[in-house]
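A short worksheet on the structure shown next.
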Amino acid sequence: MSDARRKFKRETADQRKEALIQATLSLVAEKGVRGATVRAIAERADVTQGLIRHYFSTKEELVTAAYETHMTEMTDLTFTIAAKVQGTARDHLAALVRTSLEPPVADPRAVALWASFLNKVQQDAQMKATHERTYADFRDRLQDLIRAALDEAGQSVSDTRLHHLATACNGVIDGLWLEGGALPDAFAPGELPGIGVESVGAIIGLDLEQRANQP
């Protein structure tokens, strides 16, 4: 038995599942969901197909887990980077928008993965539920930042209005993220983040651009 296989045997169940998920993501990015066969995933993860079935009852279950991991990791990465910015609530919101539209979040591989998974979202109930859950998580966390920025500016809005604002802002961010990842050379450095900050500011009625550009 090889050293690599012995090392794998010593890994925990969570580590093994994570290795399978990462192998799946790698293959989906390269070949799409159909190209990520159980055999190919096993070869990429250097395990037997039987081990995959030990952790995931079907390929669809593994693909769903990989999709949730991808979406959750992108959301967590976005908010973690933005949270490091010092400043006001407006600064935090502007930083979140910019982070969403810059590498490593806005990335061709991330968009390729999202596009590959999207068709499955329309066909599989578990994938759809995962999409709804991860979408709501990002939107609700964005909504909290919008609420804080409006409160800071002395503007009070109803929960329904706040929900609408967050949905609209999320739509702008998603659209720019998609274009930036699909056409990374079509925009000047900083162009899309600047457009995003300006657009989100216009939607919620606050000047985020000026705050974001301050030293």
Side-chain angles (χ1 to χ4, degrees), residues 67-107 110-111 113-115 117-118 121-122 125-184 186-215:
Y67 178 59
E68 180 161 16
T69 294
H70 175 58
M71 299 301 290
T72 300
E73 285 181 347
M74 282 203 304
T75 295
D76 289 345
L77 176 63
T78 303
F79 282 87
T80 296
I81 295 174
K84 295 178 181 178
V85 172
Q86 301 296 318
T88 65
R90 291 195 201 189
D91 294 327
H92 290 155
L93 177 57
L96 184 280
V97 177
R98 287 186 174 278
T99 300
S100 299
L101 301 173
E102 295 174 334
V105 179
D107 175 77
V111 169
L113 279 168
W114 177 85
F117 283 124
L118 187 60
V121 169
Q122 304 303 316
Q126 285 187 321
M127 288 284 285
K128 185 176 182 180
T130 297
H131 180 78
E132 290 175 343
R133 184 169 57 255
T134 55
Y135 166 78
D137 178 45
F138 185 93
R139 184 203 58 214
D140 292 348
R141 292 165 74 172
L142 173 63
Q143 181 171 305
D144 290 340
L145 292 180
I146 293 172
R147 184 196 301 275
L150 291 174
D151 286 347
E152 181 182 74
Q155 299 185 24
S156 177
V157 297
S158 67
D159 288 342
T160 299
R161 177 58 179 164
L162 186 63
H163 178 78
H164 290 172
L165 291 175
T167 300
C169 291
N170 190 49
V172 168
I173 293 170
D174 277 352
L176 294 176
W177 173 83
L178 179 60
E179 295 302 332
L183 300 170
F187 305 95
E191 183 177 2
L192 284 184
I195 293 172
V197 170
E198 180 182 4
S199 300
V200 168
I203 290 172
I204 67 174
L206 293 178
D207 182 6
L208 302 181
E209 184 72 15
Q210 181 178 0
R211 292 298 187 99
N213 287 333
Q214 287 182 354

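Not measured: the values here are computed from a predicted model. Reckoned from all heavy atoms, side chains included, excluding hydrogens, waters and symmetry mates.
Using a 4.5 Å heavy-atom cutoff, the side chains of Ile204 and Leu93 are in contact. Under the 4.5 Å side-chain criterion, counting only non-hydrogen atoms from C-beta, Leu142 is in contact with Ile173. At least one side-chain heavy atom of Phe138 sits under 4.5 Å from a side-chain heavy atom of Thr78. Side-chain contact check for Thr75 versus Thr134: every heavy-atom pair is 4.5 Å or farther apart. Val121 places none of its side-chain heavy atoms less than 4.5 Å from the side chain of Trp114. At a threshold of 4.5 Å between non-hydrogen side-chain atoms, the residues Ser199 and Val97 do not count as touching. Between Thr88 and Glu152, some side-chain heavy-atom pair lies under the 4.5 Å cut-off. Under the 4.5 Å side-chain criterion, counting only non-hydrogen atoms from C-beta, Leu150 is in contact with Leu162.
The main-chain N or O of Val85 is found under 3.5 Å from a side-chain atom of His92 such that the two form a donor-acceptor pair.
Taking CG from Leu165 and OG1 from Thr160, the interatomic distance works out to 11.0 Å, rounded to the nearest 0.5 Å. In this structure, Leu178 CG and Leu101 CG are separated by 11.0 Å, a value rounded to the nearest 0.5 Å. One distance of note links CZ of Phe79 with OG1 of Thr99; it measures 10.0 Å at 0.5 Å rounding. Taking NE2 of His164 as the reference point, atom OG of Ser158 lies at 8.0 Å (rounded to 0.5 Å). Note that CZ of Phe187 is 4.5 Å distant from CG of Leu192, once rounded to the nearest 0.5 Å. To the nearest 0.5 angstrom, Met71 atom CE is 6.5 Å from His131 atom NE2.
Residues passing the salt bridge (charged side-chain N to carboxylate O under 4.0 Å, His left out) test with Asp174, sequence neighbours excluded: none. Scanning for salt bridge (charged side-chain N to carboxylate O under 4.0 Å, His left out) contacts around Glu68 gives Arg133, with sequence neighbours left out.
Between Val157 and Arg161, the closest heavy-atom pair is CB-CG, 4.0 Å. Contact detail for Gln155 and Gly205: the closest heavy-atom pair is NE2-O, 4.0 Å. Between Pro104 and Leu77 the shortest heavy-atom distance is CG-CD2, 3.7 Å. The nearest pair of heavy atoms linking Cys169 to Val200 is SG-CG1, 3.7 Å. The minimum heavy-atom distance linking Trp177 with Ser100 is given by the pair CD1-O, 3.4 Å. In terms of heavy atoms, Tyr135 sits closest to Thr167 at OH-CG2, 3.8 Å.
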TODO: Show the numbers, then the answer: is there a salt bridge (charged side-chain N to carboxylate O under 4.0 Å, His left out) between Asp91 and Arg98?
DONE: CA-CA 10 Å; Asp91 294 327; Arg98 287 186 174 278; over 6 Å; no
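Under a 4.0 Å N-O distance rule, the pair Asp140/Arg147 does not qualify as a salt bridge. The pair Arg141-Asp76 meets the salt-bridge criterion, since a charged nitrogen lies less than 4.0 angstrom from a carboxylate oxygen.
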